[in-house]
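Reading through the structure tokens given below for one structure.
Just so we're on the same page: letters track the sequence lines, and every chain starts at 1. Side chains are part of it too, since the values below use all heavy atoms of this structure and drop only hydrogens, waters and symmetry mates.
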Number of protein chains: 2
Amino acid sequence: MKDLVSRCPIEEVMQVLSGRWPTLLIYYLKDGTKRFSDLRRDNPTISHKMLAFELRKLEAAGIVQRTEFGGYPLRVEYDLTPAGERIVPLIDALGDWWEEAAGAEADGTRETESVGAPQVR
Amino acid sequence: MKDLVSRCPIEEVMQVLSGRWPTLLIYYLKDGTKRFSDLRRDNPTISHKMLAFELRKLEAAGIVQRTEFGGYPLRVEYDLTPAGERIVPLIDALGDWWEEAAGAEADGTRETESVGAPQVR
DNA sequence: CGGTATCCTCGGAGATACTG
DNA sequence: CAGTATCTCCGAGGATACCG
């Protein structure tokens with residue numbers, strides 16, 4: 001039904017960042033300009049098709065800049081846009097949160113204590 | 001397959017936050033304690049099964065606290081854990097980034113326009 | 001080399017029904 | 001009311017092949 005108009009900006013970013021590849025690609029691009037084949041080498045398990053698809057998605061989102069040079073064989077380069085670079089620390093923050101949360105949880109901060117109800121089962 | 005050990009914390013958070021529901025549920029829980037049926041009402045389009053599944057995922061990630069009260073009919077409450085509350089501003093930051101990035105880039109075409117169709121009920 | 005089109009499969013997710 | 005189990009179906013995504 002297409003109600004995915006996502007009035008909420010968070011829903012919209014998540015549509016771009018969700019999945020296994022977007023954040024990974026952003027991270028490899030953080031290191032600098034990469035060609036299509038470089039990214040394939042960085043991510044051996046992504047399929048040719050998916051890489052192209054994800055890159056187009058990131059490009060449409062304004063995160064990635066695609067630059068095509070003529071010639072033969074073809075040569076195309078990918079970089080983070082300024083906006084793309086600005087999102088990196090935000091993603092980092094999530095990673096840091098995870099490390100902290102995971103560590104805290106493994107510690108002693110654990111589970112639920114039954115509140116007045118011995119859960120049978 | 002199963003190489004998803006995700007040595008990278010970012011890959012791991014994204015496994016939890018990816019998809020349509022996780023961030024939405026976190027947002028509804030931000031408002032305070034909610035029961036299973038409250039969350040279904042908040043998200044009319046999520047299926048019963050998926051809601052249960054996503055909640056268990058968030059619980060396992062230490063984001064959501066599940067509290068079961070005995071009695072009949074059953075009563076279960078969901079809250080954000082402290083860690084869950086700490087992740088909220090990080091997600092907000094992504095939303096802010098999106099608004100800024102989207103605005104800067106596509107300025108004209110991109111409003112909240114919608115063909116209307118206010119599906120009331 | 002980078003990208004697209006085609007086919008095909010596998011599992012994500014909805015509907016339904018049942019239990020506590 | 002909250003949760004699980006079963007069945008089913010659709011589409012995301014892999015493999016392959018071809019074009020610029």
Side-chain angles (χ1 to χ4, degrees), chain A residues 1-4 11 14-25 28-29 32-61 64-79 111-112 114-121, chain B residues 1-4 11 14-25 28-29 32-61 64-79:
Chain A
M1 308 247 265
K2 275 259 160 275
D3 57 333
L4 303 208
E11 285 187 78
M14 289 315 292
Q15 284 183 19
V16 175
L17 298 184
S18 278
R20 191 177 171 188
W21 305 115
T23 50
L24 266 184
L25 293 179
Y28 284 114
L29 287 170
T33 300
K34 298 266 184 160
R35 299 180 57 175
F36 189 87
S37 46
D38 292 331
L39 291 168
R40 285 219 74 187
R41 232 167 287 119
D42 290 335
N43 299 277
T45 63
I46 196 175
S47 73
H48 191 85
K49 177 181 159 189
M50 278 308 288
L51 178 55
F53 178 81
E54 296 291 345
L55 284 172
R56 272 184 277 118
K57 196 173 70 176
L58 291 173
E59 189 191 358
V64 161
Q65 164 79 33
R66 179 182 179 279
T67 310
E68 181 172 344
F69 300 87
Y72 200 88
L74 238 73
R75 177 191 180 86
V76 180
E77 292 187 350
Y78 292 92
D79 297 273
E111 58 168 285
T112 329
S114 20
V115 178
Q119 30 240 50
V120 202
R121 181 340 197 245
Chain B
M1 343 225 214
K2 260 303 149 230
D3 56 333
L4 303 208
E11 285 186 78
M14 289 315 292
Q15 285 183 20
V16 175
L17 298 183
S18 278
R20 190 176 174 187
W21 306 117
T23 50
L24 267 184
L25 293 178
Y28 284 114
L29 287 171
T33 300
K34 299 266 182 159
R35 299 181 57 176
F36 189 87
S37 48
D38 292 330
L39 291 168
R40 285 218 74 187
R41 233 167 286 119
D42 290 335
N43 299 277
T45 62
I46 196 175
S47 72
H48 190 86
K49 177 183 157 188
M50 278 308 289
L51 178 55
F53 179 80
E54 296 291 346
L55 284 172
R56 274 183 276 118
K57 196 174 68 175
L58 291 173
E59 188 191 359
V64 161
Q65 164 78 32
R66 178 182 181 279
T67 309
E68 181 172 343
F69 300 87
Y72 200 89
L74 265 176
R75 176 191 180 86
V76 179
E77 291 187 349
Y78 292 92
D79 297 274

Quickly work out the [X] [atom1] to [N] [atom2] distance and round it to whole Å.
X      : N       : atom1 : atom2 : result
R41(A) : dC1(C)  : CZ    : P     : 8 Å
L55(A) : dT4(C)  : CG    : C1'   : 14 Å
R20(B) : dG12(C) : CZ    : P     : 18 Å
R35(B) : dA2(D)  : CZ    : C1'   : 9 Å
E59(A) : dG2(C)  : CD    : P     : 15 Å
F36(B) : dC1(D)  : CZ    : P     : 11 Å
D38(B) : dA2(D)  : CG    : C1'   : 12 Å
R40(B) : dC1(D)  : CZ    : P     : 11 Å

- Query: Hey, what bend do you get for the helix from dC1(C)-dG20(D) to dG20(C)-dC1(D) if you fit axes on five pairs at each end, rounded to 10°?
  - Reply: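 Terminal axis comparison yields 40°.
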- Out of curiosity, L74(A) CG to S37(A) OG, how far, rounded to the nearest 0.5 Å?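 It is 11.0 Å, given to the nearest 0.5 Å.
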- Separation between CE of M50(B) and CH2 of W21(B), rounded to the nearest 0.5 Å: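 If I round to the nearest 0.5 Å, the distance is 8.5 Å.
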- Message: Please confirm whether the shortest side-chain N or O distance from R66(B) to OP1 or OP2 of dA2(D) is below 4.0 Å.
- Response: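 Result: no.
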- Check ring-ring contact (aromatic ring centres under 6.0 Å, His included) between Y78(B) and all other residues, then give those that pass, not counting sequence neighbours.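 If we apply the ring-ring contact (aromatic ring centres under 6.0 Å, His included) test to Y78(B), skipping adjacent residues, there are no hits.
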- Give Y78(B) one of three labels, base, sugar-phosphate or nothing, depending on what nucleic acid heavy atoms sit under 4.0 Å from its own. sugar-phosphate
- Task: Using the test salt bridge (Lys or Arg N to Asp or Glu O under 4.0 Å), find all partners of R41(A) that sit at least two apart in sequence or belong to another chain.
- Result: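 For R41(A) the salt bridge (Lys or Arg N to Asp or Glu O under 4.0 Å) partners, ignoring immediate neighbours, are D38(A).
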- Item | Closest contact, heavy atoms only, R40(B) versus I46(B) | NH2-O, 3.1 Å
- If every non-hydrogen atom of T23(A) is compared with every non-hydrogen atom of M14(B), which pair is closest and at what distance? CG2-CG, 3.7 Å
- Check: G19(B) main-chain N/O paired with S18(A) side-chain donor or acceptor under 3.5 Å: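 A pair under 3.5 Å: yes.
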- Query: Tell me the salt bridge (charged side-chain N to carboxylate O under 4.0 Å, His left out) pairs involving residues 47-56 of chain A, sequence neighbours left out?
  - Reply: E54(A)-K57(A)
- Item | nucleotides 4-20 of chain D: protein proximity per nucleotide (B base, S sugar-phosphate only, - neither; heavy atom, under 4.0 Å) | B-B------BBB----B
- With Y72(B) via side chain to side chain contact (heavy atoms under 4.5 Å, CB included) - residues at least two apart: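 Result, side chain to side chain contact (heavy atoms under 4.5 Å, CB included) vs Y72(B): none returned.
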